[in-house]
2 protein chains.
Amino acid sequence: MRSSTARRRATIVDVASAAGVSRQTVSNVLNFPDRVRPRTRDRVLAEVDRLGYRPSTAARGLRNQRAGAVGLELNLPTCGSDIGPLVLGALTARAPAHDVHLVPFGDAHVFPTVAAYRDMTRRHLVDAFVFADTHSGDPRPDWLLEHEIPFAAFGRLYSHPELTCWADVDGHRGLELAVEHLVDRGYATVGYLGWPLHLEDPAVAEDRHRGWVDAATGLGVAGPAGVTDQQLGPAVEAADALLNELGPGDAVACASDLIALAVLYAAARRGLAVGRDLGVVGFDGSLVARRHGLTTVVQPYEDLADHLLRTVHDQLLDGTVPVAGALLDPTLAPSSSTDRESELTSYTPVPAPTRR
Amino acid sequence: MRSSTARRRATIVDVASAAGVSRQTVSNVLNFPDRVRPRTRDRVLAEVDRLGYRPSTAARGLRNQRAGAVGLELNLPTCGSDIGPLVLGALTARAPAHDVHLVPFGDAHVFPTVAAYRDMTRRHLVDAFVFADTHSGDPRPDWLLEHEIPFAAFGRLYSHPELTCWADVDGHRGLELAVEHLVDRGYATVGYLGWPLHLEDPAVAEDRHRGWVDAATGLGVAGPAGVTDQQLGPAVEAADALLNELGPGDAVACASDLIALAVLYAAARRGLAVGRDLGVVGFDGSLVARRHGLTTVVQPYEDLADHLLRTVHDQLLDGTVPVAGALLDPTLAPSSSTDRESELTSYTPVPAPTRR
DNA sequence: CGGTGGGATTGGAACGTTCCAAGTTTGGTG
DNA sequence: CACCAAACTTGGAACGTTCCAATCCCACCG
């Protein structure tokens with residue numbers, strides 16, 4: 001066993017003696033390159049490269065009193081939604097750019113409490129937290145504020161209107177995009193199927209609804225509107241009711257991809273060919289949309305991830321918080337459900353569009 | 001600012017002096033309770049509790065040369081599948097029981113390479129890795145073996161038949177469960193819609209297919225079989241072809257929930273009421289199944305997570321690897337698609353079953 | 001040619017934990 | 001009552017890094 005030589009990973013001292021400088025100089029090369037003369041710097045960097053040296057996370061964390069990690073709560077609503085995996089994927093992909101790593105935690109079966117937050121904080125496992133699905137009476141923001149622990153929320157903190165450490169998608173803009181696209185494609189009237197305002201998150205529901213109202217009214221294409229909760233069965237019934245008030249050549253903009261799927265089903269039920277007879281636009285850019293050939297408003301997941309990570313980073317660095325919550329612009333991904341040449345029905349879905 | 005008092009988290013020395021013992025005794029209380037007299041132990045534990053002390057992850061990791069973390073690769077196939085979120089949720093929920101935390105990594109857009117593995121290892125950020133979606137020519141197992149880094153795979157390592165550090169669901173047993181359930185519910189003939197054997201993972205496809213063959217033949221209910229890839233459009237066509245050879249009162253067992261959804265669509269296309277006229281069973285226990293009222297074979301996600309985490313834990317502890325890969329038993333979750341009283345069609349889905 | 005200033009580099013100390021070897025107490029025995 | 005072993009407890013050292021203060025070196029100026 002060559003444990004002593006090959007097995008042990010190189011430390012800063014190994015690099016230092018290989019380059020003929022001291023510990024501290026190597027540290028400076030990596031953390032404050034300006035402090036080191038170019039000649040020395042290059043020599044050190046060459047050895048860093050040759051030995052494959054990387055600073056130990058544990059030693060760094062101990063010395064700096066900072067874990068370089070962000071806790072991410074994965075609870076039931078987050079895991080079981082269509083966008084959960086997309087948010088997680090984006091945060092994971094963007095974390096390295098912010099010099100942090102993620103630590104997911106939470107029991108997918110139990111409703112969130114602060115216990116896990118307290119435990120992870122005490123163990124110095126993370127410096128800050130990111131979470132989603134805030135609700136009224138949510139204990140988490142209060143607890144984190146009280147303990148002065150940085151955090152950022154995906155979605156408005158409507159239980160704490162004064163807080164600005166959140167990012168969300170601009171649903172108003174998203175529905176504008178949807179309506180503009182539908183008009184562009186030549187659909188005559190644009191209806192809307194969204195969420196009731198008394199539902200869990202009235203701001204999001206209101207936001208998307210107003211987007212449709214403003215755009216459709218502005219363009220003179222406003223049709224009927226309906227509401228439903230985020231469940232397939234009831235949504236199909238609501239979609240069915242809405243379609244009673246729409247005719248061939250009309251369209252429906254939806255508050256989510258799941259609702260859009262329900263519209264596909266309601267259309268199929270009455271023999272409407274989606275695309276040709278009826279335009280449908282969803283919201284989320286989820287797997288459901290890709291599978292079913294739904295045109296959808298794609299949330300800017302990477303931008304959201306960047307904003308959330310930057311927000312906690314700034315709080316850690318100097319305690320600054322954003323001047324306001326961030327509403328980020330979504331984009332529209334056209335597919336068959338708004339293609340007039342297409343005859344999409346729920347039971348003859350098209351394959352997913354080829355990836356760019 | 002009361003930084004100096006309230007802000008600083010308690011350390012082992014604080015606990016020690018509060019309890020009137022030394023550092024080491026506190027450490028022993030937490031790590032080797034037997035070494036400490038009960039009287040002392042209780043006194044120390046009381047102070048631990050009072051001060052809310054938890055050992056610093058960084059200090060522990062530095063001293064023990066162990067991060068207490070497991071890297072989890074989230075790549076495109078993992079994130080974009082129906083089971084990805086379920087596997088992740090289970091691993092997250094079970095990690096604390098194994099005294100580790102997870103560190104997800106990976107770029108959802110790029111195909112996996114060993115670069116990220118090397119980087120995380122060098123930084124001592126993780127001790128081991130868990131990943132899924134192995135494929136032939138996968139560089140990861142070879143690289144990890146070469147560097148003697150523990151790992152465990154979700155899914156068979158069919159590119160390395162000699163390796164045993166994997167866990168997978170017993171698809172054979174799953175399709176037995178499905179067929180038995182369908183016979184139990186009084187369906188006459190049971191067909192099968194699965195994956196072609198030349199697809200990415202022939203072992204899984206073969207496994208599930210044989211389960212159907214054995215059970216259906218054994219019970220004398222074997223019907224026609226078809227194959228399709230894991231895409232909704234082609235799957236609906238394949239399901240349609242299969243239904244040509246089945247009549248009312250028959251059933252289809254499927255290799256995945258997505259394929260089962262395709263069967264729902266094909267049934268709707270020809271006016272068959274799923275449940276009453278046609279039994280359908282999916283595989284995965286995914287969100288898709290819950291939404292669409294599909295009876296499904298649920299993968300034992302928590303057991304899988306436990307096995308994977310235990311496997312890497314054992315490798316870390318004393319280098320032992322399992323004597324064989326683990327095939328874990330799934331369970332069956334009945335829903336409307338095998339309820340003879342129900343008239344489920346793809347466009348009139350039932351609400352998700354109430355959670356237990 | 002000595003002094004000065006400033007940038008580059010250095011060694012000591014500390015972050016919080018656990019291992020190790022040595023120390024102290026406890027309880028039992030001759 | 002003295003002694004011994006076992007049980008329990010203790011302080012020093014080390015894990016790898018970065019902060020801090022001190023030192024070194026060099027060019028430039030008077």
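Residue numbers begin at 1 in each chain, while the letters A, B, ... track the order of the sequences. Values reported hereafter were calculated over all heavy atoms of this structure, with side chains retained and with hydrogens, waters and symmetry mates removed. This one's a predicted model, so the numbers in the text were calculated from it and none came from an experiment.
- For the residue pair B:H313 / B:D99, no side-chain donor-acceptor distance below 3.5 Å is found, with atom types taken as modelled.
- Remark: C1' of D:dT10 and CZ of B:R37 are 14 Å apart, rounded to the nearest angstrom.
- With B:D318 contributing its side chain and B:T320 its backbone, the two residues share a donor-acceptor pair below 3.5 Å.
- Of the two residues near DNA chain D, B:D34 and A:R63, the one whose nearest nucleotide lies more 5' is B:D34.
- Between B:L62 and B:F32, the residue anchored nearer the 5' end of DNA chain C, judged by the nucleotide with its closest heavy atom, is B:L62.
- Here the two rings, on B:Y301 and B:F154, have centers that are 6.0 Å apart or farther.
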Check against ring-ring contact (aromatic ring centres under 6.0 Å, His included), B:F151 and B:Y117: CA-CA 11 Å; B:F151 68 95; B:Y117 287 80; 9.0 Å; no
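- With a 6.0 Å cutoff to the six-membered ring centre and a 45° limit on the axis angle, B:R140 counts as a cation-pi contact of B:F131.
- A straight line from CZ of A:R35 to C1' of D:dC20 spans 10 Å, rounded to a whole angstrom.
- Using a 4.0 Å heavy-atom distance criterion, B:S56 is classed as a sugar-phosphate-only contact.
- Residues B:N31 and B:S27 have side chains that bring a donor and an acceptor to within less than 3.5 angstrom of each other.
- First and last contacting nucleotides of DNA chain C toward chain B (any atom under 4.0 angstrom from a heavy atom, 5' to 3' order): C:dG16 to C:dC20.
- B:Q24 comes within 4.0 angstrom of a nucleotide base, judged by non-hydrogen atoms across all strands.
- Mapping A:A58 and B:T40 onto DNA chain D via the closest heavy atom, the residue that lands nearer the 5' end is B:T40.
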